[in-house]
Amino acid sequence: MTQTLAPPPPAGAPSRVSRLRGIDWRSYAIYIGFAVVFLLFAIFLADDGFLSGTNLLNIFRQTAIISVMAVAMTFVISAAQIDLSIGSVAGLSSVCAALAISATGSALFGVLAGLAVGLVVGIVNGSLVTFLGMPSFLVTLAMLGIAFGLAQLITKSAPVPILHDTFNAIFGGGNLGPIPGLLLWTVVAVAIGWVVLNKTRFGRQVLATGGNRVAAEYTGVNTRRITFTVMLVSSVVAAIAGMLYAGRLESGRYQWGTGDELSVIAAVILGGTSLFGGAGSVIGALFGSLLIGLINNGLILAGFDNSQQQIIRGLIIIVAVALARKR
Amino acid sequence: MSERPSALDKRTKRTSAPAAEMRDIEKGFNGTPVLKGVDFTLARGEVHALAGGNGAGKSTLMKILQGVHRKDAGVIRIGGREVDFSSTADAEAAGVGMVFQEFSLVPTLSVARNIFLNHEPRRFRMIDDKAMIRRAGEILQGMGVDLDPRAEVRTLPTGYWQLTEIAKALALDAKVLIMDEPTASLTKTESEALFELIGRLKAQGVGIVYVSHRMEEVYRICDRITVLRDGGVVLSDAVADLSPEQIVAAIVGREVDALAWVERPAATKDTTPLLEVRNLTAANGVTDMSFTLHAGEILGLAGLMGSGRTELAKLIFGIDRPMSGEILLRGEPAGITNPRIAIAKGIALVPEDRRLQGLVLDHSVRENLLLPLLPGLNRGPLVDDRRGDGLAARLIERLQIKLVSANRPVRLLSGGNQQKVVLAKWLGRDPDLLILDEPTAGVDIGTKSEIIERIRELADSGKAVIVISSELAELLAVSDRVLVLRNGTVTDDLDRRDIDDEESLQLAIQGVRS
């Protein structure tokens, strides 16, 4: 009788060397892309002040809020879900925080009001997705409209000024020595996100749920709880992002964050997170966000107007995702 | 006969060449020969059974006939004309139709739209819905099926899905129809309707290849049978001239030698059984099932697809919930309402479909191995990756999983090694009760005997094991006791020593009493 054999594999336990071979170059596409774009701008826009310290810090500051939300979105997309409501949740949170501060004069109540928005929206989103089995795309699309409308309604479309200096300083307005506060927020968010996704049980279970929900469930992962949690965290982080807008712009307004969901999703996908779930990179998402900021900055310095920027940004995203996709 | 305006009847009368003829077909994958010169002839108006164990080559042979795989050598003639298919579209054009075991219908479309999917009749470049519904109606009528072509497929019982599949093949003027276990998901009455239809198609000159393990169906509707084993034909004869024992013997062959039964010392049964199932009934088809299982015992579950084997496993593991009856674990109600509780109570399930249920294919071998172990792998709030590496390496070593790197995606491994990964991830949890559903499906013979050896070791070390398998040779090699399931309930509870051979077990499964 013929002995059928498995395909010829060099046997043996995994070694350090083979570990390197197991790496997929596509997951580095974002860093290569970032470096290439950075070099191009450094060469061609040197005279426009691209490389100046102020300009580079500016890029960080402008992308910080997107970066923070992108960290949470990395978890959502890794778990094979999506959250389209983050932009309007940020707006609603900014408005509620501002209203609470002007009513009570207390920054603490402002923060609690903002966080409450995130919690409530997150619980609603999470429950509809996990317990009613509704697609997160539809749930959060509806929530996008509801949160936006609500923020507009309770402020009668007017901005609500925030006169609390401490609040404004903590949330985005202040600096810590030479370092902008927003940069710190980004660093903290990315650090926590990286550790949780890569080093904790929760992170592994998020990836397993997104990679194959049935297999994860069969292996004892509470996939409903995972899904619920990522939706909740996404909303809460969006609410924090809303307060960062409020602090930086010293006001709450329903328009803060409008359209951010698209930039955030683009940043996450650019960063190598699979739109189908199961693979995610927090650092990649940060660089995705920075790349978008870099492109915006460079295009402004080069003299393109907003409409041209939008078109070019769209094209770059298509190219990047095409390069990073699986065969 | 029907007054169907099909070209079929005219064409069948034109020549007397067989509907399909395959000569000296050879095919290998990665240097492993799967078909070694197979001859297969399907006459017009004949129902030809194709049988053989897993890996015998029957699905490969049929995939070549459907244009899915390309033959390495040999000749194929359809209606006397030599063909060489490079795609399923080629095969369809030549008149080879396939009724898929897993349905290939679009549930949200109507019966008519499904029948003409991709071949819609057109008028002025637009789909001609009226003509489509009319022609679908004619085909269904010709089949003797009373079904509204406008009905949406998802609203119909599964029996009609199968009929729609057949209508789809007939719409392409199929002269050769391949049916793969067509009754697997049908009820008794639906099967009857199918047999009647097969009779009609026969009369119209359609040649039908009938892949089935069910002996009673083979005797009922098939004219001839060809049995494959190890990539060669071991039997090809008129069904009427053969006894069931002869057919089963041909299917089984000598494979038994490689999978010899090793009698193990009987488990002590004076203690509380590890698992006791009492009058278990559930919506998934399990009906009034009762049995016990002791530590150190290997229990085989035998039965046809849909007999309740996989369904029982799902109940024990908490994926499905029982409606009535009890599951006792170590003498106490198990209270398992989800897989997490089952796992916490020391139960592990190696599921039927390893790609869908067992593995996250795009994740690394290491991640897959560690997934069930994560709850115990914390150091503070973080996962202890160093210990994880060690655990994974030990599991890989213990099951001798062949891989390039534990960090490469598990999808790159061969079927046998993938299966070892699924088994290994549960061994890491050291379960008291291990349920294996078709553990050797799609696994090469070498790996198969390794897996069987592991199962014996586990039982020797005091674990209880339930093995579900369609391969009786394997079941007999490994089991201490065999439960025969039929229609969701236990029909026999046999000590391995009382089962003479594979044939007698096969007869018990088929419900034929000798």
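Numbers restart at 1 for each chain; the letters A, B, ... are given by sequence-line order, proteins then strands.
Using a 4.5 Å cut-off between heavy atoms, Q357(B) touches chain A through backbone and side chain atoms alike. For chain A, the nearby part of R355(B) is the backbone; its heavy atoms alone come within less than 4.5 Å. For V221(A), the parts lying near chain B are the backbone and the side chain together; criterion is any non-hydrogen pair under 4.5 Å. Using a 4.5 Å cut-off between heavy atoms, L359(B) touches chain A through its backbone atoms (N, CA, C, O) alone. Contact of P381(B) with chain A is made through the backbone alone, with heavy-atom distances under 4.5 Å.
No more than 12 heavy-atom neighbours from other residues, nucleotides or ligands sit within 6.0 angstrom of CG on L176(A). For F276(A), the CZ atom counts as loosely surrounded, since its 6.0 Å shell holds 12 or fewer non-hydrogen atoms of other residues, nucleotides or ligands.
Closest heavy-atom contact between R204(A) and V383(B): NH1-CG1, 4.0 Å. Between R340(B) and G220(A), the shortest heavy-atom contact is CG-O, 2.9 Å.
Within the 4.5 Å cutoff, side-chain heavy atoms of L207(A) are placed close to those of H363(B).
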* Asked: Given the rule in the side chain to side chain contact (heavy atoms under 4.5 Å, CB included) test, do D385(B) and K199(A) qualify, once you have shown the distances and angles that lead to the verdict?
  -> CA-CA 8 Å; D385(B) 270 313; K199(A) 296 286 162 191; 3.4 Å; yes

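No other option in L349(B), L356(B), I343(B) has as many heavy-atom pairs under 4.5 Å with chain A as L356(B). Heavy-atom pairs under 4.5 Å with chain A peak, among V422(B), N368(B), V360(B), L370(B), at V360(B). Per-residue counts of heavy-atom pairs under 4.5 Å with chain B were compared for T200(A), T219(A), V195(A), V214(A); the largest is that of T219(A). Per-residue counts of heavy-atom pairs under 4.5 Å with chain B were compared for A279(A), A216(A), G210(A), A208(A); the largest is that of A208(A).
Rounding to the nearest 0.5 angstrom, the gap separating the CZ atom in R354(B) from the OH atom in Y218(A) is 15.0 Å.
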